[in-house]
Amino acid sequence: SLPPVLRFPCAVHQLLDPGRFSHLGTQAPQCPVAHLDNQVPTERTRAISRTLENDPAKHGEQHVGQHYNISIQELKTVFPHGLPPRFVMQVKTFNEACLMVRKPALELLHYLKNTNFAHPAVRYVLYGEKGTGKTLSLCHIIHFCAKQDWLILHIPDAHLWVKNCRDLLQSTYNKQRFDQPLEASIWLKNFKTANERFLSQIKVQDKYVWNKRESTEKGSPLAEVVEQGIMRVRNATDAVGIVLKELKRQSSLGVFRLLVAVDGVNALWGRTTLKREDKSPITPEELALIYNLRKMVKNDWQGGAIVLTVSQTGSLFKPRKAYLPQELLGKEGFDTLDPFIPILVSNYNPKEFEGCIQYYLENNWLQHEKAHTEEGKKELLFLSNRNPGLLERLCAYL
Amino acid sequence: MAAPTAKVSRGWSGLALGVRIAVLRLPGLTQVRWSRYGPEYQDPQIDKEYYRKPLAQLTEEETYERELRKTQVIKAAPATKTSSVFEDPVISKFTNMMMKGGNKILARSLMTQTLEAVKRKQFEKYHAASAEEQATVERNPYTIFHQALKNCEPVIGLVPILKGGHFYQVPVPLAERRRRFLAMKWMITECREKKPRRMLMPEKLSQELLEAFCNRGPVIKRKHDMHKMAEANRALAHYRWW
């Protein structure tokens, strides 16, 4: 039974030594073949689909295709928002949150581990076709940065800020721009949950006057600004603007490291579906949230990194098949973001596909009798074309 | 529906082979469903395993059958019958019955969302149950679907029979396909009419399927009502002549 050993050398290594990880290359380990024969099949499948290494910092090439576990407590603090809705449903059904380790995320992790914080922030853009796993790769990166104690500035979906806004107020700060109190206050609440410990440490460097009776003094903690934004919903957008400005200013000082993660960044430079009272359309720069976010995404600050995703799902007035950054960002967006590092997120390779199927089988998610057979797996491969999103939707009803 | 062909009488010799002539089966009843295929057309063999058998392993009958099929005319396979391993005729029939206006895409998506909803609800129940009860919780949405429909099938039905100028509801044994049809029809009507305004079909259907699986719920009640009516009218059973 040499073939199994050659096919999954890393998996067997996992089985023997879950704690240690060495770079294996292409040589087969010197493990007794008889040992593998005595293993229960479930152990082997668990070795293919899961890894015991739950710290993203230690993920390497050998973990590609394996799922690692995030505890539910950590999930609530690190991801109050930002997980795709179907993933949230899966977490609720399985009672556990497992994320697959994939090549694009590993590449980004490598770059982030070797960032020079004295240089201006580098922009990384994750792009790919629909359902390939851009948002979940972004979540992997965010989990890594949260574990490394960075400050996470995560905008879960920029498209939500440019469409379906019920209440648009004229901004108090600048008459030309518009406020979005609801979206801003929701985002502030989630930002507070994710970064509690930093909010008391960072001090504001300017005095901000909210109205005749309320103002924030210079030197008070950022938590006060966030509280003000949550309590007075009318000032929420301005509070967001202040938070962004202060974080950008102070990350260059080196007190903390800032990660700016925006999902669907092509919303910042597209069109909106929002209209003024006289039915004339609003451009994105007239929205205060978008205007401030654009300043954040410029690479004129140091001490962190900017990780972005471009997606067609949720985008406005873009063709369905468009997935390249040039097509989705448009000329203006591309010129603003240029130079950036593009990272392609593609469909599963055969190993990752196998790992995904094994993960579903372990959790008894594939209940159809035929899904356990080789025929069923071949059919799933054919129907989904190894696209992660499609595979998930297929396995949901099988 | 395999209706008998009419004997080709003198006047009809100009028709092409295989085209069925309209024929009246019973006096007073018009045939509403017929196929354009003649009786010589064979049904297509969709099963992949049939073709994968190596020729050496076939018995004499099977080789004879294969050679025979090479000479016969075969009907075109319908677009809805696939050679997929996951295909289920009951699910296909139910989807067709749910379909409105030919919108199969919507009907199929509702069906898949229902199966997913059933699965997720059962998984929640499984995780909430204790170790002994976990063995009893059924998580396969297909077994639940089949069992629920089987539980909803009535054993005996009522048929209006005209006697002496009045229509009497006479209890009558139902054919297998009539029972399956009634179970599916009742399920769909129940979910369409009795659901709250903002509830979507998959949610309501999954609820009803789970209740029918446990032999509770309005569809089972309707089956029991049908049985009670048949029991009440059993004196009229003599009006049946078949």
Side-chain angles (χ1 to χ4, degrees), chain A residues 42 67 69 71-73 75 83-98 130-131 313 320 353 356-357 359-398, chain B residues 46-53 82-92 94-95 98 105 107-131 134-147 201-203 205-206 209-210 213:
Chain A
T42 44
H67 293 81
N69 198 8
S71 66
I72 308 282
Q73 294 310 110
L75 206 75
L83 290 172
R86 284 200 76 95
F87 186 72
V88 173
M89 277 201 291
Q90 186 183 296
V91 168
K92 188 162 174 279
T93 310
F94 290 168
N95 274 348
E96 62 171 6
C98 282
K130 181 172 166 176
T313 343
R320 197 166 58 93
F353 180 81
C356 189
I357 296 279
Y359 174 66
Y360 286 142
L361 284 174
E362 269 170 43
N363 286 59
N364 301 107
W365 188 229
L366 292 172
Q367 286 281 325
H368 201 284
E369 322 76 50
K370 291 286 164 74
H372 301 263
T373 57
E374 276 307 312
E375 276 288 328
K377 278 192 206 139
K378 270 198 267 190
E379 186 153 335
L380 282 174
L381 193 133
F382 173 73
L383 286 173
S384 64
N385 192 22
R386 286 199 228 113
N387 182 298
L390 264 182
L391 182 64
E392 197 265 314
R393 274 169 202 270
L394 276 176
C395 295
Y397 63 83
L398 281 176
Chain B
I46 304 221
D47 186 23
K48 274 194 275 197
E49 296 308 314
Y50 178 85
Y51 295 109
R52 278 200 195 139
K53 258 182 139 177
T82 56
S83 54
S84 157
V85 287
F86 301 122
E87 191 191 326
D88 193 347
V90 184
I91 301 264
S92 313
F94 196 84
T95 325
M98 268 213 295
I105 302 176
R108 197 169 143 180
S109 69
L110 289 176
M111 194 71 228
T112 52
Q113 282 169 41
T114 311
L115 292 169
E116 191 186 332
V118 162
K119 211 197 220 183
R120 282 193 201 268
K121 283 188 192 170
Q122 290 299 95
F123 262 76
E124 264 193 56
K125 228 188 276 182
Y126 180 85
H127 288 305
S130 62
Q134 274 181 355
T136 53
V137 173
E138 174 64 58
R139 288 186 285 178
N140 189 341
Y142 293 86
T143 41
I144 292 181
F145 182 79
H146 289 136
Q147 191 57 43
M201 182 70 160
E203 202 190 315
L205 234 193
S206 57
L209 283 172
L210 285 170
F213 180 70

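Since the structure is predicted, the reported quantities are computational estimates derived from the model, not experimental observations.
If you measure heavy-atom distances from B:K48 to chain A, the contacts under 4.5 Å come from the side chain alone. If you measure heavy-atom distances from A:N364 to chain B, the contacts under 4.5 Å come from both the backbone and the side chain.
In this structure, CG in A:L394 is found 8.5 Å from CZ in B:F86, a value given to the nearest 0.5 Å.
Considering only heavy atoms from C-beta on, A:H368 stays 4.5 Å or farther from B:V85 through its side chain. Contact of the B:E116 side chain with the A:R393 side chain is not registered, since no non-hydrogen atoms from C-beta on lie closer than 4.5 Å. Two residues are said to be in side-chain contact when any heavy atoms from C-beta on lie closer than 4.5 Å; B:Y142 and A:Y397 meet this criterion.
For the set B:T143, B:T112, B:L115, the entry with the most heavy-atom pairs within less than 4.5 Å of chain A is B:T112.
Not a single donor-acceptor pair under 3.5 Å links the side chain of A:K92 to the backbone N or O of B:R120. Side-chain atoms of A:Q367 do not come within 3.5 Å of backbone N or O of B:P141 as any donor-acceptor pair. Looking only at distances, a side-chain donor or acceptor of B:H127 sits under 3.5 Å from a matching main-chain atom of A:T93.
No more than 12 heavy-atom neighbours from other residues, nucleotides or ligands sit within 6.0 angstrom of CZ on A:R320. Counting non-hydrogen atoms of other residues, nucleotides and ligands closer than 6.0 Å to CZ of A:F382 gives a total of 12 or fewer.
Ion pairing between a basic and an acidic side chain is recognised when a charged N comes within 4.0 Å of a carboxylate O; A:K370 and B:E87 show no such pairing.
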